[in-house]
Amino acid sequence: MTDKKTLLRSLSGEALDTPPVWLMRQAGRYLPEYRETRAEAGDFLSLCYNSDLAAEVTLQPIRRYGFDAAIMFADILLLPDALGADVWFVTGEGPRLSTITDAGGLAKMKGKDDIHDHMAPIYETLRILTRELPKETTLIGFAGAPWTVATYMIAGRGTPDQAPAHKLRQSDPATFDALMDLLTESTIEYLSMQVQAGAEVIKIFDSWAGSLKGDAFTKYALEPAKRIITELKRRHPGIPVIAFPREAGDAYVGFAKAVGADCLAIDTKVDVTWAATHLQPDSCVQGNLDPKHMITGGQALVDETRRIVDAFKGGPHIFNLGHGITPEADPDNVHLLLETIRG
Ligand code: CP3
């Protein structure tokens, strides 16, 4: 027997009979208690920067479901905010930002070491959570990967194909590379402070990695992840890292080893049998249930959950969805999911 937390055991390479489980966006609008706290905070960003309320919404799904991990409540777009971009959220539409289209726009941003006053409430959220979480629950900190964050800073919003960012990297590579460098370096500082404040695991979200191909994937998804993880582990030896180069396809193969990640999160499109053969020998895997099952539930949810658990039972696995749980999800289906996994 061991006292080590289940999630940390999987991350260190153990194959467990019952995989640990948490869900991307587990604190969110599908929960009535989240909607209540969010209304109290006013808007989404005010909730992120209110340490007491952010810790409260982080804890809500832990109380309700007893997940094995809690991910601090924040957003990947707080970093552009800290660097001096304008960031706001339009209800029902998503994020909006001031745009960076040339060297002049980039020159207005702050430096990598100038973010900590702005991020102080986030570090405080983590410190509260280290005290309030059950002792068996692992605390996850996170950031967006430079490419994904850059796509929002360049376009000023979410885009279906990341075209404005692709355009800039081709038309003005010097400005684009300088923005990527600033994001890589400030992400290292931000994540390093998260670890100091109590994060036990770090996850890096590269939600738009799938639109990078070939050399561009290597240069803008793989290399920044490697730089961030190498420096983070130099400063904090042993800190486990989950990498999520979403929709990387064949480029998932070898990614965890190349960047030094302990776990590779996989999206809904990845076949689990293929992943067990080609990805799991290199690292722990996390994923990949389609979030739509959390809306529809029933036998399909049970069957698909069992299929994923069975496919990965020969190696280290953290159960999760392939993308965030949506506002339309039925909270009862999360109970069904947990019963299916834990018996
Ligand atoms: O997972 C968690 O529970 C932790 C908190 C978390 C949020 N966003 C809260 C959030 C995390 C880890 C994120 C990551 C994030 N944010 C990503 C990467 C993962 C992914 O989904 O691909 C991205 C691309 C963002 C940027 C972002 N934030 C978008 C595009 C949106 C709007 C879309 C939406 O779902 O509303 C957000 C808003 C957001 N971030 C919400 C939450 C709970 C909804 C805000 C609300 O309450 O209205």
Side-chain angles (χ1 to χ4, degrees), residues 5-11 14-38 56-73 133-140 142 201 203 205 242 244 246 263-276 280 284-343:
K5 300 179 184 187
T6 50
L7 200 94
L8 297 177
R9 290 175 63 190
S10 294
L11 287 168
E14 269 188 72
L16 303 178
D17 291 337
T18 303
V21 51
W22 69 281
L23 303 183
M24 285 187 264
R25 291 281 173 93
Q26 64 191 15
R29 286 162 292 180
Y30 74 108
L31 292 178
E33 59 269 37
Y34 170 85
R35 295 196 297 270
E36 207 170 290
T37 311
R38 189 177 174 296
E56 165 59 24
V57 294
T58 306
L59 288 162
Q60 285 168 351
I62 307 303
R63 289 189 203 114
R64 195 188 256 257
Y65 301 114
F67 288 120
D68 294 275
I71 184 160
M72 68 164 188
F73 191 83
L133 277 172
K135 65 173 184 357
E136 64 276 12
T137 314
T138 303
L139 179 55
I140 303 176
F142 72 89
V201 174
K203 180 164 177 187
F205 288 89
I242 304 171
F244 186 26
R246 191 168 73 89
C263 179
L264 194 60
I266 53 178
D267 61 78
T268 56
K269 292 185 184 165
V270 178
D271 176 73
V272 283
T273 314
W274 177 86
Q280 208 178 17
C284 179
V285 289
Q286 176 184 278
N288 70 336
L289 185 69
D290 194 320
K292 74 171 190 239
H293 287 292
M294 309 316 296
I295 305 172
T296 51
Q299 194 58 39
L301 164 60
V302 173
D303 291 347
E304 190 55 16
T305 301
R306 288 199 179 128
R307 205 172 70 81
I308 294 169
V309 171
D310 284 347
F312 291 136
K313 69 168 177 269
H317 172 217
I318 296 167
F319 196 96
N320 206 314
L321 306 176
H323 205 187
I325 189 168
T326 57
E328 302 77 31
D330 180 346
D332 285 341
N333 286 335
V334 180
H335 284 299
L336 179 60
L337 173 76
L338 289 167
E339 275 164 35
T340 306
I341 297 169
R342 293 174 172 168

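- Contact check on R307 versus D310 returns no salt bridge, with no Lys/Arg side-chain nitrogen under 4.0 Å from an Asp/Glu carboxylate oxygen.
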Practice prompt. Would you please test T137 and D68 for side chain to side chain contact (heavy atoms under 4.5 Å, CB included) and show each step?
Written response: CA-CA 5 Å; T137 314; D68 294 275; over 6 Å; no
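- Under the 3.5 Å distance criterion, with hydrogens and angles disregarded, no donor-acceptor pair is assigned to the side chains of E136 and T6.
- A heavy-atom distance below 4.5 Å is found between the side chains of H323 and P291.
- Closest approach of I62 to A69, counting heavy atoms only: CD1-O, 3.5 Å.
- Going from atom CD1 of I242 over to atom CG of L264 covers 10.0 Å, rounded to the nearest 0.5 Å.
- Side chains of V309 and P19 form a contact here, defined as non-hydrogen atoms less than 4.5 Å apart.
- M24 is not listed as a side-chain neighbour of I325, based on a closest heavy-atom distance of 4.5 Å or more.
- We find the OG1-NE2 distance between T18 and H317 to be 12.0 Å, quoted to the nearest 0.5 Å.
- Distance alone, capped at 3.5 Å, places no donor-acceptor pair between the Q286 side chain and the I266 backbone.
- Using a 4.0 Å cut-off between charged side-chain N and carboxylate O, E328 and R29 make no salt bridge.
- Going from atom CG of L321 over to atom CZ of R25 covers 11.5 Å, rounded to the nearest 0.5 Å.
- Considering CD1 of I308 and CD1 of I341, their distance stands at 8.5 Å, rounded to 0.5 Å.
- In this view, H293 and L289, D290, T296, A300, L301, E304 satisfy the side chain to side chain contact (heavy atoms under 4.5 Å, CB included) rule, not counting sequence neighbours.
- Two rings, from F142 and F244, have their centers 6.0 Å or more apart.
- In this structure, the side chains of N288 and D267 stay at 4.5 Å or more apart for every pair of heavy atoms.
- With a 4.5 Å cut-off on side-chain heavy atoms, Y65 and L31 count as touching.
- Contact detail for A276 and A311: the closest heavy-atom pair is CB-O, 3.5 Å.
- For E56 and R38, the salt-bridge test fails: no basic side-chain N is under 4.0 Å from an acidic carboxylate O.
- Using modelled atom types, no side-chain atom of Q26 and backbone atom of P61 make a donor-acceptor pair closer than 3.5 Å.
- S10 and P316 get closest at one heavy-atom pair: O-CB, 3.3 Å.
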* Step by step, work out the side chain to side chain contact (heavy atoms under 4.5 Å, CB included) result for M294 and T326. => CA-CA 8 Å; M294 309 316 296; T326 57; over 6 Å; no
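- Inter-residue side-chain proximity for M72 and I140 is flagged as unmet; no heavy-atom pair is nearer than 4.5 Å.
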Verdict with reasoning, T305 to F319, per side chain to side chain contact (heavy atoms under 4.5 Å, CB included):
CA-CA 9 Å; T305 301; F319 196 96; 3.7 Å; yes
Please step through side chain to side chain contact (heavy atoms under 4.5 Å, CB included) for the pair D330 and Y30, ending with a clear verdict.
CA-CA 7 Å; D330 180 346; Y30 74 108; over 6 Å; no
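- In terms of heavy atoms, A70 sits closest to L133 at CB-CD2, 3.7 Å.
- Side-chain atoms of E33 never come within 3.5 Å of backbone atoms of V57 as a donor-acceptor pair (strictly under, hydrogens ignored).
- Residue I318 holds its CD1 atom at 8.5 Å from CH2 of W22, rounded to the nearest 0.5 Å.
- Note that CG of N320 and CZ of F67 are 8.5 Å apart. Values are rounded to the nearest 0.5 Å.
- In this structure, the side chains of T340 and R306 come closer than 4.5 Å at one or more pairs of heavy atoms.
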